[in-house]
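Everything quoted here is computed from the prediction, not taken from an experiment. Naming: A, B, ... by sequence-line order, numbering from 1 per chain.
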Amino acid sequence: MQRDRSRRYLRFFGARPEADVEDEISFHLDMRERELIAMGMPPTAARDEARRRFGDRARLQAQMQTLENDHSRSASRQAAWNTLQSDVAFVVRTLVRQPMFTLSVILTLGLSIGANASIFSAVSAYLLRPLPVKNADRLVVVAASEKSSGLIGSVSYAQYRAVAGLKNVFEDVVAWAGWQVALRTQREPMRGFLLGGSDNYLTALGIQAALGRVYTEQDAATRTPVMVLTDAFWLRAFDRDRRVIGRTVHVNDVAFTVIGVLPPEFRGTQPMVVPDAIVPEEAMVAVDSTLATGLTSMSRSSYRMLAHLKPGVEMRQARNALARLDEDLVKQYPEELVDAKLIMERELRTRPEYSVSRLTPWIAGVFFGMVGLALLVACANVTNLLLVRATVRRSEIAIRSAIGATPGRVVRLLLTESIMLGAASLVVAYFLARFCIGWFSSLPLAIDVPVSFGLELDWRVFGYAAAISLLAGVISGLAPALMGARAPVSDVLRDGGRTGSAGRGRTRLRSTLVVTQVAVSFVLLVCGGLFIRSARSAAKLDMGFSRDRLLLASVDLSLHHINETASRQVQDRLVTDIGVLAGVERVALSTWLPMAGNFYTRSVFIDEHPSRAPEGMLTVGTANVTPGYVGTLGLRLRSGRDFTPQDDSTMPRVTLVNRAMAEALWPGQDPIGRRLRLKKEGPLVEVVGLIDNANAILLGEEPRPMLLLPLRQHPSLQTFILTKSRAADPSPLVPNLRAAVKAINPNILVYGVRTMASHLDDGIALFFVNIGATMATAIGILGLLQTIVGLYGVLSYSVAQRAKEFGIRLALGAQTGAMIRDVMRQSAVLVGIGLAVGAVLAFALTRSMGGVLVGVSPTDALAYGGALVVVGGLAMISSYVPAWRASRVEPAMVVRGE
Amino acid sequence: MQTETLELLRGTLDLLILRALKVESTHGYGVLKWIERATGDALKIEEGSLYPALYRLQKRGWVTSDWGLSENNRRARFYALTPKGRLQLETEVDDFVRFARAVFLALDVNLSTV
C-alpha cells in the first residue's frame, strides 16, 4: 500500500533524478549517524564518522547521477511502450467483442481508402514515377509544335541530330520511332510493335540487359539487324527461354538476331505503349528502304526525342539554346521546317503524353478531389459510429477517470482504437485497390498498338494508403475521443450510464456531420452525373462521320514484300471482292482513320496569300483514300464530286478539301477548281470537291484543315478497310471478309478488326470519357451509400434518445402521424441545409472541370437536378424508418424507464 | 571499529549485493548492514561506492528499485532482485567458488579445513 502511494507520487510529478540521488545519500548518512549515536557516539562525531565512511560524496554523487539519468530515460520509454501494449491489447479485446461495429467501420474506411489508393496508383504511374532510366531527374522531352495549329508532334531524325549537337546544354540525347511490323519466330506470324532507337538509345539511357547485351553505337553504325527483346515479348514469344540469345526473329521477312533481353521495369520510352523489341533504327533500313532518305531528311518527322540537361544547366538556358538552333535550322531548311518549331519540357510534365499533358493535372485533380470527398464522408460516418459508441461507453470511461486515469490517458486509449481501426481498414483497402488496378490494367483498348497502363501497387501507393488510413483514423477518432475524455464523471456514474441524454455539443457535432455528408455526396453525385452526361453526349456528338454499320480492318501489304504494282491489283481486288459480299453496302480503303489518336500532316502551297496563310502555305491533315471513302465513312460532300476510279496516276492530280481548309486558303470563295501544290515546286493539284468538317483526333475539337488524295495517285501499302454493312450490326461480316482477303492472297495478315462503334467507345477517343464516367459514378455511389447509412444512424440514435419524450406524447394522446412528421422534419432540415451547402460547393468545384467534360456545361441542370432528387429522396426514405419507429414507441415501456 | 580490514576483491561487491537482496528487498543502507553482519565486519568498503554499484546492477536488469517508506517512516529507495538477477547470482557464486578453489589449490590450502 505504501509502495503504491509513492508510485502514484512518481507518476504525477514525474521522476526527478537529482532529488532522488540526493535523498538516497542523505537517507544513508542519517541512518548511519543514528546508529552511531545509538552506540554512544556524540552527535557531531557521529556525523563526521558517517561522512568519512561514505567516502568522496561529490564524486559518488556525480557518478550516481549519470547512471540514474540513463536509467530513468530508458524506464520512461519502457513505461510508454508498456502502456501502448496494454492499450492495443485492450482495444483488440473490445473490438473483437463488437464484431458488427468493427466490421462496419473497417468496411466504411476500407472502401474509401481503397478508392483513394486506386486513384493514387494511376497518378503515381502517370505523373510521379520517373522513367527507369539513368538521371531521370534531368530528362526533358524535345518535340515539334506546329505553328499554325499549336499541335505538338514528332521531330525529324535530322532535327534530332541537330539537337544532339547542342553539347553545351544537353547530353545523352536519344530519339526513337515506333514501327508496326509483322514478327515471325518459329510460331505464327504476329503483329508486332518495334521501337527503332537512335544508335545510343539504350546506352545513353543507361539500360542494362537482363540477359545477353544491349545494342551499341557499333551495331547501329554497321546497320546490323539485332534486337533486344522486352520482358513482355520474351514471355509471350519465348516463354522466358534463356536460350533465346542468338535466335532469329523475322521482321517483315528480314532476319534479326536476338542479342539481349531488357529488364522488366524498362518498357521503352513511348508513352503507354510497350514495344515487343528495341532495334537500332539504322537497321530498319533493311525493312523499309525509304528509311535511308528518311534518316537524313529534315522534314520527315516521326521521331520522339529525350535529352538529359547537362548538370547545372537551367531549363531557361536550354530553351534559349534550342530556340537559337531552331532559328538556324529554319533559315537553312525554310521549306522542310516551315511549320515546325522545336519546344521542350521536363519529362515528368509531359505525362501521359506531351500533346495532352495540359489536361493531366485537371483530370488528376478532379478524381483526387472526388475520392478525397468520399473519404471525408467515410470519416464522418466513422466519427458518428464512434460517437454512438462513446455514449454507450461513457460509464466505462467515467470509471477509468474515477480510478485515476488522466484525460490524456483516456484520449490516447480512444485514439489508439481509431488508429487501429484505420490500420485494419488498410487490409480492405489493399484488396479493393488490387482489384481496381487489375481491372483497369486489363481493359482492352481497340487500337492498333499494344497499350499498357503500367499501373502497380508499389510502395508509393502503399505508403499513401497507409498514411491516409492513419489520418482517417485520427480525424474520425479525435472528436469522439476528446468528448469521451470530457464526460462528467459524477453524472454518468449517478445514472449508471444507461439513459444519459445526448449532450448539446454532441448533438450539434452529429448534425454537422450529417450536413457535411449530404453536401459532399451531393457534390460527388453532381460530378458523377456530369461525367455520365459527358459520356452520353460524347457518344451522340456529331463527329461529322457515321459510327453505325461500319466494320474496320487493317492490312499492311508491306509486311509481305508485295511491290507497288502488285499491291495496286491487290487493293483493287479488296474493294471489288469485299464489295460483292452479301450484306455489304459499300467498301473503301484509307490510310488514316479519324479518332485513332494520330494525324498525318503535310504542307500545301498556293499562289495566293490569304490572311490565315500569309506565306501561301498551310499544314493540313491528310488521308489517301479510294473512291467512295466519303460515302462509306459518312462524310458529307458539300459540292463538287467524289474521286472516281479514273483518278489514277495517268490523270491530272485531284483532291478533296474540307471546309476548314477551304476557309483558311480561299476565304469566302468557292474552292472547287482552285489549285494547290503538295510541294513548293510540285505539280498543281485541282480541288474537285468540298466536304464538311469532321472530328479528327479529339471530340469537340476546333475543326482542323484536312485534305483527301486518291490512293491511286498517292499509293500506300498500309491501309484500313472500311466496310459499310446493310444490317445494323456489321460484325457478322467478319468471317466472309477474312475469307475474301485469304482468297486474294493467303499470306495477307488481316488485323485490327473491330466495329467503328467499338473503335470509338473502347479506343482512345471515348475511352477516357467512359472510364471517367464509370469511376465517377462508382465514387458517387460510394459516397451516397455512406451518407444514407450515416443519416439513418444519426436519426435512429436521435429517436432512441427521445424515446421517453415520444412515449409521453403518445401516452398523452398524440397522433402517430405527428411523431413521424416530427422526425421527418428534423431530417428535412438537416438534408435541406446539406443540399444547399452542397450546391454551392458543387458550383464552385465543378467549374474547374470544364476542360475535362465534352459537350456538357459544368452547371448542367440535369446533373444538378438528378443529384438533388437522388440525394434528397434517398435521404428522406432512409429517415422514414427511424421516424416510423418513433411513432411505435410503447408508452408504458418508456415511462417505466426500460 | 575494526583495526584490520580486508580490501575488497574486484567484482565481489556486486556478488555480495545480489546475495544481500536475495534475503530480502531493502534500501541501500540495509544492503550495507547485511554485508557488515554477514562478513563479521571483516571487509572494508567505501560505503558510498555501494550506490553506483546498485545503479549499475539496476541498469543491467538484475535489480529493480522503487520508492517506499523505511521502517522509521522515511522516504527511501528499495531494491529488489529480479529473476534475471537471481540467475546471475547463482552463476557468480559458482564462478567465485571455482576461482577460490583454484587459488586455494595453488596456495596448498586444504579447503575442508578452512
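- Most heavy-atom pairs under 4.5 Å with chain A: of the set B:Q58, B:E47, B:H27, this distinction falls to B:E47.
- Between A:D70 and B:R56 there is no salt bridge, since no side-chain nitrogen of the basic residue lies less than 4.0 Å from a carboxylate oxygen of the acidic one.
- Under 4.0 Å is where a charged nitrogen must lie from a carboxylate oxygen, and between A:E68 and B:R77 at least one such pair does.
- Contact between B:P52 and A:L60 at its shortest, heavy atoms only, is CG-CD2, 3.7 Å.
- With rounding to the nearest 0.5 Å, the separation of CZ in B:R74 from OG in A:S26 is 5.5 Å.
- Residues satisfying the side chain to side chain contact (heavy atoms under 4.5 Å, CB included) test with B:V103, not counting sequence neighbours, are B:F99, B:L107.
- We find the CG-CZ distance between B:L50 and A:F54 to be 8.5 Å, quoted to the nearest 0.5 Å.
- For B:L32, the part lying under 4.5 angstrom from a heavy atom of chain A is the side chain only.
- A:F462 CZ: 12 or fewer foreign heavy atoms inside a 6.0 Å radius.
- Taking CG of A:D30 as the reference point, atom OG of B:S70 lies at 10.0 Å (rounded to 0.5 Å).
- Considering OH of B:Y51 and CE of A:M64, their distance stands at 7.0 Å, rounded to 0.5 Å.
- The 12-atom threshold is exceeded at CZ of A:R460, counting heavy atoms of other residues, nucleotides or ligands nearer than 6.0 Å.
- Within the 4.5 Å cutoff, the side chain of B:E71 has heavy atoms near those of the A:M31 side chain.
- For the side chain to side chain contact (heavy atoms under 4.5 Å, CB included) test, residues two or more places apart in sequence or in another chain that qualify with A:E35 are A:R32, A:M39, B:Y29, B:K33.
- For the pair B:W67 and A:D23, the minimum side-chain heavy-atom distance is below 4.5 Å.
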